[in-house]
There are 2 protein chains.
Amino acid sequence: MGLAKTEMFTDEQNKIALFAKVFGHPARVAILQQLFKINTCYCGDLVSEIGLAQPTISQHLKELKNLGLVKGNVEGTSVCYCIDAENWTAMKAVMAAFLDQDITTTNSCC
Amino acid sequence: MGLAKTEMFTDEQNKIALFAKVFGHPARVAILQQLFKINTCYCGDLVSEIGLAQPTISQHLKELKNLGLVKGNVEGTSVCYCIDAENWTAMKAVMAAFLDQDITTTNSCC
DNA sequence: AATATTAATCGTAATATTGCAATATATTAA
DNA sequence: TTAATATATTGCAATATTACGATTAATATT
């Protein structure tokens with residue numbers, strides 16, 4: 001079906017999956033790394049830096065914006081993008097709660 | 001195309017994306033949380049716990065196994081699954097390097 | 001006003017993902 | 001050996017994702 005049965009899962013599980021999904025493409029990872037590196041970045045800079053076509057980068061940026069991880073600021077004909085620090089921190093807390101679970105090796109089957 | 005152009009990105013970026021992708025479905029999040037919670041778990045238990053069909057759970061487990069995050073141990077007709085602690089820790093280091101980047105609010109455009 | 005620049009949107013082709021019924025495989029029990 | 005049980009695999013339909021050319025929208029420059 002290609003359609004996740006989100007109603008079977010908790011809000012937290014769906015939230016983790018949504019954040020993870022947006023990181024599940026190397027172009028979006030690269031965009032975020034670049035934004036962290038140079039702090040503030042025009043859309044066109046990302047296009048030349050990453051090497052995908054402009055509509056493709058624009059589409060990836062849209063997904064990052066939809067989740068609130070990235071903000072865009074219109075400056076004339078350009079749009080300047082940066083990380084949304086507050087939402088990034090909130091996302092980190094959600095992901096950390098999932099990733100930092102304790103592993104009890106006792107009573108393990110394998 | 002539906003096909004990520006992995007050759008344009010660094011190994012690290014592709015690795016982050018691969019790990020994130022496997023967490024990008026709530027069923028796999030739920031499977032992992034359950035494995036952390038009860039430490040060791042038969043495939044059938046996950047099917048009844050999560051509520052998706054047996055082939056669906058089996059398929060999700062396969063993806064987790066392919067990335068090395070989960071191990072399975074055959075016990076008679078059953079298969080007992082658990083987290084691969086070593087690989088989980090290694091994965092956490094990769095993801096933390098990405099998620100814990102510093103945010104410099106100075107010189108930010110938005 | 002006409003043109004240039006930058007980014008977003010639309011449309012579409014190629015491919016990937018999700019979910020499950022049906023079936024196959026492997027082990028144990030009778 | 002046969003039947004029962006548990007899991008994996010196959011095949012397929014529905015939907016999602018990725019990428020980009022063409023176009024549009026908005027602002028700047030001349």
Side-chain angles (χ1 to χ4, degrees), chain A residues 1-9 13-14 17-31 34-35 40-67 70-82 109-110, chain B residues 1-9 13-14 17-18 20-31 35 40-67 70-82 109-110:
Chain A
M1 303 192 160
L3 178 65
K5 295 191 154 183
T6 53
E7 74 283 358
M8 311 180 71
F9 304 101
Q13 288 163 343
N14 284 315
L18 277 180
F19 281 133
K21 203 178 196 178
V22 88
F23 300 139
H25 193 290
R28 289 187 293 264
V29 171
I31 287 172
Q34 185 70 6
L35 288 179
T40 241
C41 197
Y42 293 103
C43 177
D45 297 338
L46 291 167
V47 172
S48 32
E49 175 68 26
I50 292 174
L52 290 169
Q54 178 268 320
T56 308
I57 296 294
S58 197
Q59 195 174 264
H60 285 306
L61 280 167
K62 191 180 179 182
E63 288 180 66
L64 292 167
K65 267 193 294 181
N66 284 344
L67 273 184
V70 149
K71 286 188 287 189
N73 191 39
V74 180
E75 295 182 6
T77 58
S78 300
V79 178
C80 184
Y81 282 99
C82 63
C109 60
C110 15
Chain B
M1 299 185 167
L3 176 66
K5 295 192 154 180
T6 54
E7 76 281 358
M8 310 180 70
F9 304 100
Q13 288 164 342
N14 284 314
L18 277 179
K21 203 177 193 178
V22 88
F23 300 139
H25 193 290
R28 291 189 290 265
V29 170
I31 288 172
L35 288 179
T40 239
C41 196
Y42 292 102
C43 175
D45 297 338
L46 291 167
V47 173
S48 31
E49 176 68 25
I50 292 174
L52 289 170
Q54 178 268 322
T56 308
I57 295 293
S58 197
Q59 194 175 266
H60 284 306
L61 280 168
K62 192 180 179 183
E63 289 180 66
L64 291 168
K65 267 193 294 182
N66 285 344
L67 272 185
V70 148
K71 286 189 287 190
N73 191 39
V74 179
E75 294 181 6
T77 58
S78 299
V79 178
C80 184
Y81 282 99
C82 64
C109 60
C110 14

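These figures come from a predicted structure and were not determined experimentally. Per chain, numbering begins at 1; letters A, B, ... match sequence-line order.
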Distances under 3.5 Å between nitrogen or oxygen atoms of protein and nucleotides 11-15 of chain C:
residue	atom	partner	partner atom	Å
C:dA13	N1	B:Met1	N	3.4
C:dA13	N3	B:Met1	N	3.3
C:dA14	N3	B:Met1	N	2.8
C:dA14	N3	B:Met1	O	2.8
C:dA14	N3	B:Gly2	N	3.2
C:dT15	O4'	B:Met1	O	2.4

* Asked: Counting any heavy atom closer than 4.0 Å, what does B:Leu52 reach on the DNA or RNA strands: base, sugar-phosphate only, or nothing?
  -> sugar-phosphate

Say you draw a straight line from [atom1] of [X] to [atom2] of [Y]; how long is it, rounded to the nearest 0.5 Å?
X: A:Gln13; Y: B:Ile50; atom1: CD; atom2: CD1; value: 8.0 Å
X: A:Leu64; Y: A:Lys71; atom1: CG; atom2: NZ; value: 14.5 Å
X: B:Ser58; Y: B:Leu52; atom1: OG; atom2: CG; value: 12.0 Å
X: A:His60; Y: A:Lys65; atom1: NE2; atom2: NZ; value: 14.0 Å

* Sequence neighbours left out, what passes salt bridge (Lys or Arg N to Asp or Glu O under 4.0 Å) with B:Glu75? Give chain and number order. => none

Rounding to an integer number of Å, can you tell me how far [X] [atom1] sits from [N] [atom2]?
X: A:Leu61; N: D:dT18; atom1: CG; atom2: C1'; result: 15 Å
X: B:Asp45; N: D:dT7; atom1: CG; atom2: C1'; result: 13 Å
X: A:Leu46; N: C:dA8; atom1: CG; atom2: P; result: 10 Å

* Asked: Any donor-acceptor pair under 3.5 Å between the side chain of B:Gln54 and the base of D:dA6?
  -> no

Is the distance from OP1 or OP2 of [N] to the nearest side-chain N or O of [X] less than 4.0 Å?
X: A:Tyr81; N: C:dA8; value: yes
X: B:Lys21; N: D:dT17; value: no
X: B:Thr56; N: C:dG19; value: no
X: B:His60; N: C:dG19; value: yes
X: B:Lys62; N: D:dT7; value: no

* In chain order, what residues pass the disulfide (SG to SG under 2.5 Å) check against A:Cys82, with sequence neighbours excluded? -> B:Cys110

* Asked: Of all the nucleotides listed (D:dA22, D:dA19, D:dT9), which has the minimum atom distance to the side chain of A:His25?
  -> D:dA19

* For A:Ala4 and for A:Val79, locate the closest nucleotide of DNA chain C by heavy-atom distance; then report the residue assigned to the nucleotide nearer the 5' terminus. => A:Val79

* To do: Convert the base pairs of DNA chain D into dot-bracket notation, remembering that pairs crossing earlier ones are written with [ ] and that bases paired across to another strand are shown as |; include only Watson-Crick or G-U pairs under 3.5 Å.
  => ||||||||||||||||||||||||||||||

What N/O pairs connect the protein and nucleotides 27-30 of chain C at under 3.5 Å? Give each pair on its own line.
none

* Structure fact -> Between A:Glu63 and B:Ser58, the residue closer to the 5' end of DNA chain D by nearest nucleotide is B:Ser58

* **pair B:Tyr81-B:Leu61: side-chain heavy atoms closer than 4.5 Å** => yes

* **All ring pair (Phe, Tyr, Trp, His ring centres under 6.0 Å) counterparts of B:Phe23, not counting sequence neighbours** => A:Phe98, B:Trp88

